[in-house]
Structure formats: C-alpha cells, structure tokens
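Read the structure below first, then the notes.
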Amino acid sequence: MLKFYNSLTRQIDELKPIKDGVVSIYSCGPTVYDNAHIGNLRAFIIADTVARIVRLAGYKTKHVMNITDVDDKTIGRSQQEHEDSSPEDALKTLSTHYEKRFMSDIEAVGIDISAIQFIRATDSINSITDLIKELYKAGFAYIAEDGVYFSIDKYIKSGKTYGQLVELGAVADTKARINNDEYDKEDARDFALWKLAKPDEPVWPFELDGKDLGGRPGWHIECSAMSVGELGQPFDIHTGGIDLMFPHHENEIAQSTAGHEQKNLAKFFVHNEYLLVDKTKMSKSMGNFYTLEDILEHKFKPLSFRLFCLGSSYRTQADFTWENLASSHNRLKGLCNLAALQWQAKSDDKDSGIYIDGTIVKINNFLLNDLNTVEALAALSEVQNKLEASYLSEKQLDQFKELISLIDSVFGLDLGSTPDISADQKRDIGKRDKARRSDDFNESDKIRDQLKEQGIGLRDTSSSSVWFRL
RNA sequence: GGCGCGUUGGCCGAGUAGUUAGGCAAAGCUCUGCAAAAGCUUUUACGCCGGUGCGAUUCCGGUACGCGCCUCCA
C-alpha cells in the first residue's frame, strides 16, 4: 500500500491512481536565472524519490516539471548580463545557460532526467493565455493598468475555498497587511496572471477583450496551465517545497478550480521541508549559500549530498553543515564497499544465516510508507553489519544483487556499478595470501602496502581476505 | 500579529505508550604475525512543568527556546 503525507488533508493517505497503472506527478521546477543551490536540489531529489517510489509500488509515472524561463528575475538578470542583445535574445541566452547547468546539476545528484518531462514556460504561452482567457470570460480575472489579475474575491463568492493548504486566518491577515502601491490591483490578495511588458522587456503578444496586452505570464498561471495541459485535471501528485504552499500552490488551486464544479487540481500535495544551513535559512547575505560547485570544491561527491537528503525525513528541516555532509560521505563509501561484496562472494555451501529476502521486504514497506528512506537505510545498515562480520556466500548472491538493485532503484546511489578490482590487483591479493600463509610477512606486508597505495584496503578473515576501497 | 514545524546520547537523525533504531566521530578492550576490518564497551538519550494511564521520550495542557512561512523563494 503506497502512502504519502498529503498537505491537503494533513494526514498520511493511501494513493490510489486516478488512471489505472499510471501516476501523474507535477513538480514545481527551477527558475533559471542562477545556479541551483543545495536547498533547491533537496526539493528536486525528493520529487525524484517520490516518483521512484511510485514506480517501486508497481505503477508507471508521468512526471512533469516546469522550467520557469521568463519572470521578473530572469528578465532583470538578462538585461544586466546581455545589454547588447535584444530583450528576447538576452532572456533566451540567460535561461538556456542556466537550464543546461540545472540539468547537469540534478543529473549529478542522481536524478533520472530521462524519467521527467521538462516544459519551458516560454514554450507554453498559448496554453497559458488560453487559460487566462477562460478565467476572464468566467469573470475571475480583470484587466488593470499593468496586467491581468485574478480576483480572489470573485473566487470566494463563487463558493470556493481560498485556503485549502493554509489556514484562512493567515490569508485574511495578509490582506490587511499588504499595501502595495506598485501594483494596480483591486484587492491585495489578488495576483498577476499576466504582466504587461515595460520598455526593453521581452514581449509575447496577447489580446484580451479587444485590448493589446503584450507581455509575459505571471508565475502561478504557468504551473496551472502546464500541469493540467500535460496531466489532465485532477492529476495525482503535486510536489514542491513547503515555501511554495502559500501563495504559489494555493493560487494554482484557485486558478485551476475557478469555474469548475467539482475538480481539485491534484489529489496529493507533497511538500518537502526546508534545508537549513547552520540552523538558519540559506541566504547570500548570511554567507551560507551553497551550490553543487561548493560541494565539489570541498571534495565531496554529489551523491553524498543525495544520501544526506535521504538520511533524514523529507518533512523535517534538515540541517546542512560540512560536518554532516562528511558523515554522509563516509556512509556512502561504506555502502559502495558493501556493494563491492558482489565481486567477492564465497563459494561456500554453508548458509551464513543472513536473511536478505526479509530485508528486501522490510525496505519495500518502509519506502511505501510515506517515503521512509531513513528506516530503509537503517535496515540496509543492519544487513551490512552482518555481512561484514560474516561473509556473502554465492548462494546469496542473487538475493544480494536484488537488494542492491532495489536500493539503487529508489536511492539512486549507483551502488550496483561499483566496479571490481583489476586482474592484477586480484593476483596480488592471491600472492599476498600465499605469502602470509607461509609466514613470509615481509612479502605479504609489502603487497599490502602496494595495494593500499592503489586505494585498496584488506580485511583479513580466517580463510582469506576481503578487499574494500579506502 | 497570524499560521506551521521542531527540541532525542559527542555530532546527525528515526521511531515507539512498556522490548537494541541507524549513521558518523572519538577513546579503551578483544581478535590479529603486525595491521586493517570486525566485535564489545564508553552510550537505556529523548527541553522544562503539570495532567491522563499500571506505565509517557511517545497522548493532553502549559511553558521556554530554535526554525520557517505570511513578500520572489525549493
């Protein structure tokens, strides 16, 4: 039984796909105006893991992620960095650059990008403007000086609930608090569906009610148009960081349900908590703003960061420090060495008494229960301890490979491809064993030192040696 | 001010109304030709005060502290 914590119901619910066999997932993706920071990466790692676990449960996934390649930030930055280009070209140059970088970053942290369908906002302008027209026609949108806005008041008066993900009190308070002169909207809660282009900003043509409204889409409407356009309505799971819950996701719900009788936008909203750095939110001014590049500079592997993310619950604020990453880094090394046992199974008829099948079942159950990667890893560690204190027999090799492939399918740590050592190194280990058995300790220690220089450590048992990477 | 999350052993981090989480780090011991690895020990920890239970780290109330959201934000 596949279960996730659902922000809509505030409890753990069982997921039953809307369509037989296929689960539709929409993840709020990046705004490509800068390199992704590690907090962004956590959100994408969690979204990827949600999809992997859905597949583990036996379903296919249709996983869509948007790429916001037009908004205030991308435009602002493109104007700064590419002054000589036309607004459109400048934006395209900037967003293409950061989109490529985004792809390579998330691939580095083990996200299977072939399993995700990416959609750019700029490639979806038609469906966005269609949706705005529809909302306008139905009376939920109005044209103002600087753009087209969504009317929360009309939405509520049509009998809908604004505040499905957050308490209404917060929303009412927001209304009282905001007094923003920059926008020409009727109500402080209203949000832009479409923004008119200012001079030197890129323009997409848009005509509404006979008016020429060249400009660009608002942020919230993109996600509504793209998710429903690709997945239908409602779809199964909407993922994103907890900070997107309000107003972004709340607004998405409003846009997509205005004028619709029954349908919600998605059945599940799965939100990951923030990644803190040194116990506070990351920010450039605090000097605790890290990207994948920083991780590489500290000589850590991107997959160590992935393991760090999966080593705590996605629903808690995990605290990132270099010390904590080092801990995950060492653990990952240990797991790779566990996987290396696949090359060293002993041909032994005796049963080592380690029950791998049971662990596979346990791990499956943990994962299907609201993404409990932490308990799943603990179960794996138990087997690891037993195997390292004992040995892996050839009789267990198939089970063992099944275990590693299960872990890889969900955790994406690439353990299965841990390589064997070279034929020369194997020969050396054999030579050392022989020397050691004949009490030629000078020779055996010499070979041991040589192997150590090659990054291979040895664990001597009563009968032979097991190698591992240092 | 409104809303939400958290407080667990050296560090990180699950979970549970009674029974060893797990990882990382350090020290000692055992094993070993010496090492390494492994095992064992240091290590029955759950913010504080009340309440309900035979029994609470786990439920309820209060309180202190930390973090986040309410403005672009994963």
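Here the structure is a predicted model, which is why all the values come from computation and not from measurement. Naming: A, B, ... by sequence-line order, numbering from 1 per chain.
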* Asked: In residues 40-47 of chain A, which ones come under 4.0 Å of RNA chain B, going by heavy atoms?
  -> A:N40, A:A43

* Go through the side-chain N and O atoms of A:S465 and A:D433 and say whether any donor and acceptor fall under 3.5 Å apart. => yes

* Structure fact -> Between A:N442 and A:S312, the residue closer to the 5' end of RNA chain B by nearest nucleotide is A:S312

* **Per-nucleotide pairing state of RNA chain B [Watson-Crick or G-U, under 3.5 Å; [ ] pseudoknot-crossing; | other strand]** => (((((((..(((.....[...))).(((((.......)))))....(((((..]....))))))))))))....

* To do: Among residues two or more places apart or on two chains, list those pairs meeting side chain to side chain donor-acceptor pair (under 3.5 Å) that have a residue in residues 332-344 of chain A.
  => A:Q344-A:W467

* **B:G53: syn or anti, per glycosidic angle within 90° of 0** => syn

* If the P atom of B:U16 is compared with that of B:G47, how far apart are they to the nearest Å? -> 16 Å

* Does the B:A35 base have a donor-acceptor partner in the side chain of A:R448 within less than 3.5 Å? -> yes

* Contact class for A:S313 vs. all strands (heavy atom < 4.0 Å): base, sugar-phosphate, or nothing? -> sugar-phosphate

* Asked: Just checking A:L244: base, sugar-phosphate only, or nothing, at a heavy-atom cut-off of under 4.0 Å?
  -> sugar-phosphate

* **Trace of the salt bridge (charged side-chain N to carboxylate O under 4.0 Å, His left out) decision for A:K431 with A:D424** => CA-CA 10 Å; A:K431 268 160 68 180; A:D424 282 354; over 6 Å; no

Look for any protein N or O under 3.5 Å of an N or O in nucleotides 42-48 of chain B and output each such pair with its distance, or none.
none

* To do: Report which part of the nucleic acid A:N324 touches: base, sugar-phosphate, or nothing (heavy-atom distance under 4.0 Å, all strands).
  => sugar-phosphate

* Asked: Are a donor atom and an acceptor atom from the side chains of A:D69 and A:Y98 found within less than 3.5 Å of each other?
  -> no

* To do: Indicate, with a heavy-atom threshold strictly under 4.0 Å, whether A:F308 touches base, sugar-phosphate, or nothing.
  => nothing

* **Close residues, residues 369-378 of chain A, relative to RNA chain B [heavy-atom separation under 4.0 Å]** => A:V374, A:E375, A:A378

* Describe the nucleic acid contact of A:K279 in one word from base, sugar-phosphate, nothing, applying a heavy-atom distance below 4.0 Å. => sugar-phosphate

* Asked: Looking just at side-chain N and O atoms, do A:Q425 and A:S422 make a donor-acceptor pair shorter than 3.5 Å?
  -> yes

* Would you classify A:G240 as touching base, sugar-phosphate or nothing, given that sugar-phosphate means primed atoms plus P, OP1 and OP2, and contacts are heavy atoms under 4.0 Å? => sugar-phosphate

* Sugar-phosphate only, base, or nothing, as touched by A:D439 at under 4.0 Å among non-hydrogen atoms -> nothing

* To do: Can you tell me the distance, in whole Å, between the CD1 atom of A:I152 and the C1' atom of B:C70?
  => 14 Å

* Can you find a side chain N or O atom of A:N385 that sits less than 4.0 Å from OP1 or OP2 on B:G23? -> yes

* Is there a donor and acceptor pair, one atom on the side chain of A:H37 and one on the base of B:A74, closer than 3.5 Å? -> yes

Provide a list of protein-nucleic acid N or O atom pairs under 3.5 angstrom, restricted to nucleotides 5-8 of chain B.
none

